[in-house]
Amino acid sequence: MESLRLLSGQEMPVVGLGTWPLKGVQCKQVLREALGLGYTHIDTAWIYENHKEIGEYLQEADVPRGDLFITSKIGKDYLSYDNTMAQIDEILTDLRVDHIDLLLIHWPSDDVPMEETYRAFNKIHSAGKALSLGVSNFSVEQLKQAMALSNAPVCVNQIKYHPAHEQREVLDWCHQNYIVVTAYSPLGKDRILDDLLLTEIAQNHGKTAAHICLKWLRQLGMIIIPKASSRSHLQANLDVFDWNLSESEMDRVNGMYET
């Protein structure tokens with residue numbers, strides 16, 4: 001699995017398993033299939049309510065902790081100092097680990113000052129409970145504020161990104177400041193996968209429209225965390241390494257939804 005080096009020095013696999021809304025037996029089944037196919041990057045969040053299933057499966061399967069990159073997130077309504085400190089301990093307990101690789105603020109809060117959240121994040125990082133820190137759904141201005149408050153590098157901004165939902169200003173700014181961007185919902189909605197342009201490009205490569213979305217994001221320099229619940233889709237989501245879109249194909253996808 002290819003990886004990107006974060007500002008913290010950690011290596012983050014470029015394809016991860018998005019685990020929302022997996023729960024219960026299905027969550028464990030998907031984890032078994034994904035890890036068997038070579039996934040090592042698991043993306044979850046406290047609000048997904050699946051930490052216990054993930055932790056139980058990883059223990060049952062006896063997966064070495066050092067082989068995994070686990071991302072979790074503090075919920076938007078729990079960003080006060082006390083709630084953040086309580087939530088990280090709950091995350092670690094449920095996942096049955098002593099640290100996570102990447103801790104994110106799930107969404108910026110309008111109610112809790114970012115200074116308060118970062119007082120907790122700085123303590124969490126210094127205690128070794130999260131090896132890298134990042135954010136999710138942050139604008140450029142919010143990223144600047146986070147960087148000023150964090151003692152550790154702000155390594156990642158996880159944002160919604162697909163051909164019908166570009167955030168090029170945020171992406172470009174993150175790249176300029178060596179912040180890795182993770183694209184969630186990388187396949188958009190069904191209408192994206194039925195798009196005639198994506199279908200045409202896919203046919204040229206013997207791929208699917210979903211492959212084109214994922215490869216486009218990878219060639220833009222992003223980490224991708226597509227959701228999948230079947231072995232065939234999990235396997236297909238890994239097919240982004242040994243082929244490339246041409247410059248003209250990238251440009252055509254870039255302009256798909258421009259008005």
Side-chain angles (χ1 to χ4, degrees), residues 1-19 39-46 51 54-55 58 63-75 78-79 81 84-85 87-92 95-108 114-159 161 167 170-184 217-218 220-225:
M1 177 72 71
E2 294 178 9
S3 63
L4 292 178
R5 182 175 291 273
L6 305 181
L7 285 171
S8 63
Q10 277 190 287
E11 295 286 338
M12 186 173 181
V14 298
V15 180
L17 174 67
T19 62
Y39 284 80
T40 57
H41 173 184
I42 300 170
D43 183 271
T44 183
W46 183 84
H51 283 137
I54 293 171
L58 295 179
V63 179
R65 178 65 183 90
D67 291 350
L68 300 173
F69 188 102
I70 301 175
T71 298
S72 191
K73 313 172 190 80
I74 301 291
Y78 297 86
L79 293 174
Y81 176 84
T84 297
M85 296 304 295
Q87 196 166 106
I88 186 60
D89 286 340
E90 183 176 338
I91 288 171
L92 297 179
L95 289 172
R96 303 191 183 192
V97 296
D98 61 6
H99 71 276
I100 57 173
D101 296 279
L102 177 64
L103 180 66
L104 307 180
I105 296 173
H106 205 155
W107 288 87
M114 204 181 294
E115 291 86 349
E116 185 170 346
T117 305
Y118 268 97
R119 185 161 61 91
F121 265 46
N122 289 333
K123 187 170 183 178
I124 289 166
H125 181 263
S126 65
K129 295 181 178 181
L131 303 185
S132 297
L133 300 179
V135 296
S136 183
N137 301 297
F138 269 43
S139 68
V140 170
E141 289 306 311
Q142 290 163 337
L143 280 162
K144 290 178 180 177
Q145 186 180 358
M147 290 171 69
L149 294 169
S150 183
N151 293 341
V154 176
C155 294
V156 171
N157 187 19
Q158 185 178 125
I159 58 177
Y161 214 112
Q167 300 192 57
V170 176
L171 176 65
D172 289 346
W173 192 90
C174 286
H175 283 171
Q176 291 163 12
N177 289 274
Y178 308 103
I179 295 172
V180 168
V181 174
T182 299
Y184 73 81
L217 292 165
R218 281 295 306 121
L220 288 174
M222 281 178 266
I223 284 174
I224 51 176
I225 49 170

Sidechain-backbone polar pair: T44 side chain, S72 backbone, donor-acceptor under 3.5 Å: no

Do any side-chain atoms of residues 123-130 form donor-acceptor pairs under 3.5 angstrom with protein atoms, and if so which ones, sequence neighbours left out?
unit_1	atom_1	unit_2	atom_2	d
K123	NZ	Y81	OH	3.3
H125	NE2	L131	O	3.3
S126	OG	N122	O	3.2
S126	OG	K123	O	2.9
K129	NZ	D89	OD1	2.8

I91 side chain reached by I74 side chain, heavy atoms, under 4.5 Å: yes

Hey, is the main chain of Y184 close enough, under 3.5 Å, to the side chain of Q158 for a donor-acceptor pair? no

Distance check, rounded to the nearest 0.5 Å: M12 atom CE versus D43 atom CG? 7.0 Å

How about D98 and L92: do any of their side-chain heavy atoms sit closer than 4.5 Å? no

If you compare all heavy atoms of L4 against all heavy atoms of G221, which two are closest, and at what distance to 0.1 Å? CD1-O, 3.9 Å

Check: I88 and I100 side chains under 4.5 Å, non-hydrogen atoms: yes

Might you work through the side-chain contact (heavy atoms from CB on, under 4.5 Å) test for R65 and H99, ending with a clear yes or no? CA-CA 10 Å; R65 178 65 183 90; H99 71 276; 3.5 Å; yes

Measuring from atom CD of E11 to atom OG of S132, what distance do you get when rounded to the nearest 0.5 angstrom? 10.5 Å

Restricting to non-hydrogen atoms, name the atom on Q87 and the atom on K73 that form the minimum distance, rounded to 0.1 Å. OE1-O, 3.8 Å

OH-CE distance between Y118 and M147, expressed to the nearest 0.5 angstrom: 10.0 Å

Spatial distance of atom CG (L58) from atom CG (L68) [nearest 0.5 Å]: 5.5 Å

Quick check: do L149 and F121 have side-chain heavy atoms less than 4.5 Å from each other? no

Does a side-chain heavy-atom distance below 4.5 Å link W46 with H106? no

Apply side-chain contact (heavy atoms from CB on, under 4.5 Å) to I179 and W173, showing your working. CA-CA 8 Å; I179 295 172; W173 192 90; 3.9 Å; yes

Return the CG to CD1 distance between L6 and I223, rounded to the nearest 0.5 Å. 6.5 Å

For P13 against M1, the heavy-atom pair lying closest together: CB-CG, 3.7 Å

Sub-4.5 Å side-chain heavy-atom contact between N137 and Q142: no

Distance, nearest 0.5 Å, that separates CG of L143 from CZ of F138: 7.0 Å

Taking all heavy atoms of S136 and all of L104, pick out the closest pair and write down the distance. CB-CD1, 4.3 Å

Side chain proximity check, T71 to H41, heavy atoms < 4.5 angstrom: yes

Identify the two heavy atoms, one from A152 and one from L133, that lie closest to each other, and give their separation to 0.1 Å. CB-CD1, 4.1 Å

Y161 side chain reached by I224 side chain, heavy atoms, under 4.5 Å: no

Which pair of heavy atoms, one from G134 and one from L102, lies closest together, and at what distance? N-CD1, 4.0 Å

